[in-house]
Amino acid sequence: MASAAAKQAPKAAPKTSAGATGAAGASGGPPVMPLASPLMGKKKKPFLGMPAPLGYVPGLGRGATGFTTRSDIGPARDANDPVDDRHAPPGKRTVGDQMKKSQDDDDEDLNDTNYDEFNGYAGSLFSSGPYEKDDEEADAIYAALDKRMDERRKERRELREKEEIEKYRMERPKIQQQFSDLKRKLAEVSEEEWLSIPEVGDARNKRQRNPRYEKLTPVPDSFFSKHLQTGENHTSVDPLQGLGGLNTPYPGSMTPGLMTPGTGELDMRKIGQARNTLMDMRLSQVSDSVSGQTVVDPKGYLTDLNSMIPTYGGDISDIKKARLLLKSVRETNPHHPPAWIASARLEEVTGKLQVARNLIMKGTEMCPKSEDVWLEAARLQPGDTAKAVVAQAVRHMPQSVRIYIRAAELETDVRAKKRVLRKALENVSKSVRLWKTAVELEEPEDARIMLSRAVECCPTSVELWLALARLETYENARRVLNKARENIPTDRHIWITAAKLEEANGNTQMVDKIIDRAITSLRANGVEINREQWIQDAEECDKAGSVATCQAVIRAVIGIGIEEEDRKHTWMEDADSCVAHGALECARAIYAHALQVFPSKKSVWLRAAYFEKNHGTRESLEALLQRAVAHCPKAEVLWLMGAKSKWLAEDVPAARSILALAFQANPNSEEIWLAAVKLESENNEYERARRLLAKARSSAPTARVFMKSVKLEWVLGNIEAAQELCTEALKHYEDFPKLWMMRGQIEEQCENMDKAREAYNQGLKKCPHSVPLWLLLSRLEERVGQLTRARAILEKARLKNSQSPELWLESVRLEYRAGLKNISNTLMAKALQECPNSGILWAEAVFLEARPQRKTKSVDALKKCEHDPHVLLAVAKLFWSERKITKAREWFLRTVKIEPDLGDAWALFSKFEMQHGTEEQQEEVRKRCENAEPRHGELWCAESKHVLNWQKKTGEILAQVASKIKNTF
């Protein structure tokens, strides 16, 4: 037991406290052995001799923490000591780098100046923590919320920014905008006023007005040679001397090779040799030499040359490089013709014509079988030499057609040309091009003989056969075409020419047979009948005057390759295409065929009738309409077109008879009743018109019939009768707004403003969505001076009829007429927000702006409403106001083409031409307006629907509207 305790003592010694350990060590005596006691015999503790648990610190539980020494934490390390990792990246290879990095990571800038109200501090406070999936989902949700909130504020923010920009531009316009009106007034300055403007004095002093520039004169070589030979000594270096050693002022001490030693003279020959050596070195780098053979891609060199030559503008290095490349190509492959041609053209471009000629002649020696080289040589050589070159080319290439053609072109005498071409035909008798060129030089009789021989040598050439047929008589031409058909059974042009021949000689009954036989024969020979090609041939026949052939071709091929349900649509498209190409007979034939297939289709008859109205004669239109009403008696519009045609021809009895027949076919038809009334009233038969209207009211009472009855009495001056009829009509048709309008306008005409207001208000109760009624009531209040009431009426109208551009426009104009321009601009902005695609609003907005901003506003208007006629008209007026006559005319033409029914556009166009156009242009506008018969437009309707102008024609109304337009824009 004692021995066991002795063995255990050393192990237990370290477990004592730090104080005890220090005391034992201080005494320096031998270790005290423990005395034997009764406790020694007890059982040993189970934890003795076992390793300490992880993180265990002896004595920590009772507060004996002790102290730490260097042996516990390891030796101290300098900041420049390398780290243990031998493969650390740059910036982390020393202890100091890693300590600095850890400090940077730990230290966050939490200063108040780095704090943002929304984002917090510059760095995330929790960046050191783990980023888990929950954090990612939370960030995504917050990002979506931020995006949604930003979209909600986006429109408001953009509108506010736009208004601020516009306000800024209005308050601080550019200098150019401030002086634009003054610039415009310069056009009114006369020559005398211009010359009387005093000259602006020059406020600069004499030295500034007359600067004396430093003159630099290059020093000649003789100056340097003289001073080099004097051998004078220098004690200082000239700071302006920039050659750096090459210009040392001591004789014989320059760089070897550039100066002859001992003499002090510059050797120019050596300098030239050095330059050549440097060039050789550069050129040797360009070429790719392998075992003595230069490997060159000729196409690559030629492509490089083609990219360089057009950019030649005097840079000699590009020309040298191109010359070097082509030389390399020629040496590598001397039998490559394009290399010689490109080399010659390069020299020609640089002005070395003789060198180019020499090169190309050498090319003819190296490539004697190349047509292109010979032709290039002939082009570069002067006249007689070129003939010799061509003669030499013929000896080398006796079968070349292009060389013979070139030889004929070089001859100036016609007989010499003929001689050359005949010689060529002896060698190359199968060339169609040679035969055509030779025939063109001959007289008709000789040409016919030559063509007879030509078709024997070239029996497959359609052009030669057709040319011969044109020169022959009728009988011989038929035989020629039959032979041509035998030799070339697959060509359609021979058949079409045969049909044209028969038509030209009066055998029109044969034309259809020939075309039908052509289709059958070509199909038998395996030729596909291409419908588009045949229609193009028909258009060519139409333009050549062969109407019967054209119509026969159309009838034969119009139905080929078309599904039955697509026939009508396709044929109408074909007719429109022919009209666009100017082939009117083709279009007429297509319509005739379509009417045979669809005799009961009203739309086809209408298309054909409009075609005849626009491109045919009155007789052809009336004949077509007679057939149309026979097949479609229920189509009222066809009856009305026929009656109108007769009325325009001043044949009133015939128009009446047509309308009578229309009554029989369409009893109680409102359109025909009103057409009959208009016919009688336009011809001053007022009693007959009244009787017709009375009969119509009894047999076919409609709101329009009543309205026309009221209108007739009103324009004839029977106000009481008109009011009675209006009251009777409103009993039956109180929801028809035009009757309320007429009642109010009649009262206005009689100066009964209260009754007119009452009529409009009653009408608005029955028809709250009638915009014209609201406008009439508002204008009535404005006219009597009730501006506030007019404004309130328009606001109420806008509430009941949202997104109505007419009401917004009237509100804007109301404020503008009252002199409140700021309010009108604000209203216009709101109007454009509610109706962003309204052309009338954008057109008005352009001219609400100040002159400098109008062009910008017009661009915005065109972006929103590119094809709106009102916007196009506003742009035309804008150019007119800026005196850009040509552009204004183009935009007027574009407007009336897009919308020919807009009367305001025609009136403005007419006014424009009256100021800036010729009489022919004015007459053309008037005729086009009469053909278009416009019915709409604010200014136009104000005149055309006035009771005093009810019998005026379109031309008269046009002149009246144009005369009332003032250039206030």
Side-chain angles (χ1 to χ4, degrees), residues 674 677 681 686 689-690 693-694 696-698 701-801 804 806-811 813-815 817-818 938-952 964:
L674 296 179
V677 170
S681 60
Y686 304 129
R690 282 196 180 101
L693 283 169
R697 289 198 301 275
S698 60
T702 63
R704 285 190 69 205
V705 170
F706 273 102
M707 183 188 72
K708 293 293 182 182
S709 304
V710 175
K711 182 73 179 289
L712 179 65
E713 299 298 339
W714 184 14
V715 297
L716 292 176
N718 301 327
I719 302 297
E720 293 181 1
Q723 288 175 333
E724 291 174 2
L725 278 171
C726 193
T727 304
E728 182 185 352
L730 286 171
K731 292 177 183 177
H732 299 89
Y733 305 101
E734 61 181 9
D735 57 346
F736 190 63
K738 288 190 177 181
L739 290 171
W740 293 106
M741 291 182 217
M742 294 174 74
R743 183 174 184 175
Q745 287 173 331
I746 291 172
E747 297 294 347
E748 276 191 64
Q749 185 178 338
C750 299
E751 300 294 333
N752 297 327
M753 297 302 176
D754 294 334
K755 290 185 178 180
R757 185 184 294 112
E758 182 183 355
Y760 291 144
N761 283 316
Q762 287 179 356
L764 286 172
K765 289 178 183 177
K766 303 294 182 183
C767 314
H769 300 295
S770 173
V771 173
L773 262 176
W774 288 106
L775 296 178
L776 285 171
L777 180 57
S778 167
R779 288 168 186 165
L780 173 66
E781 299 295 350
E782 183 185 4
R783 197 175 300 119
V784 298
Q786 297 290 337
L787 192 63
T788 306
R789 190 180 292 178
R791 191 180 291 124
I793 288 168
L794 289 173
E795 289 180 5
K796 186 177 179 182
R798 293 203 303 272
L799 289 174
K800 291 185 177 293
N801 303 277
S804 173
E806 292 83 4
L807 292 172
W808 279 107
L809 181 63
E810 185 64 23
S811 299
R813 288 179 175 173
L814 176 69
E815 304 298 342
R817 289 192 293 264
E938 187 178 5
L939 303 173
W940 185 270
C941 291
E943 294 297 323
S944 63
K945 294 190 176 182
H946 197 279
V947 290
L948 300 178
N949 303 328
W950 70 286
Q951 278 187 315
K952 290 186 177 177
K964 292 191 175 182

Beyond-backbone contact of Met741 with Ser770, side-chain heavy atoms, under 4.5 angstrom
yes
Under the criterion side-chain contact (heavy atoms from CB on, under 4.5 Å), I'd like the reasoning laid out for Leu814 against Leu787: C-alpha separation, chi angles, the key distance, then a yes or no.
CA-CA 8 Å; Leu814 176 69; Leu787 192 63; 3.5 Å; yes
Close side-chain approach of Leu776 and Gln745, heavy atoms under 4.5 Å
yes
Note: Glu758-Arg743 ion pair, threshold 4.0 Å (strictly below):
no
Can you tell me how far the NZ atom of Lys765 sits from the CD atom of Glu734, to the nearest 0.5 Å?
12.0 Å
What is the minimum heavy-atom distance between Trp740 and Cys767, and which atoms define it?
CD1-SG, 4.3 Å
For Leu773 and Pro737 the tightest heavy-atom approach is CD1-CB, 4.1 Å
Spacing of His946 atom NE2 and Lys952 atom NZ [to the nearest 0.5 Å]:
10.0 Å
I'd like to check Arg697 versus Leu725 (side-chain heavy atoms, cut-off strictly below 4.5 Å). Are they in contact?
yes
Nearest heavy-atom neighbours spanning Glu943 and Asn949:
O-ND2, 2.9 Å
Begin with the C-alpha distance, continue with both residues' side-chain angles, and end with the deciding distance and a verdict on side-chain contact (heavy atoms from CB on, under 4.5 Å) for Leu794 and Trp774.
CA-CA 7 Å; Leu794 289 173; Trp774 288 106; 5.6 Å; no
Is Arg791 salt-bridged to Glu815, cutoff N-O under 4.0 Å?
yes
Of all heavy-atom pairs between Ser804 and Val771, which one has the smallest distance, and what is that distance?
OG-CG2, 3.7 Å
Only one of Val715, Ile746, Leu693 passes side chain to side chain contact (heavy atoms under 4.5 Å, CB included) with Val710; say which it is.
Ile746
Stepwise, does the side-chain contact (heavy atoms from CB on, under 4.5 Å) test hold for Glu713 with Arg690?
CA-CA 9 Å; Glu713 299 298 339; Arg690 282 196 180 101; 2.8 Å; yes
Member of Arg783, Arg757, Arg779 meeting the salt bridge (Lys or Arg N to Asp or Glu O under 4.0 Å) criterion with Glu748:
Arg783
Compare every heavy atom of Trp714 with every heavy atom of Met742, then report the nearest pair and how far apart it is.
CE-CE3, 4.1 Å
Check this for me: does any side-chain nitrogen of one of Lys796 and Glu781 sit under 4.0 Å from a carboxylate oxygen of the other?
no
Flag, side chain of His732 to backbone of Glu728, donor-acceptor distance under 3.5 Å:
yes
Charged N to carboxylate O under 4.0 angstrom, Glu782 versus Arg817?
yes
Students often mix this up, so state it plainly: with edges at 30° and 60°, are the rings of Phe706 and Tyr733 parallel, tilted or perpendicular?
tilted
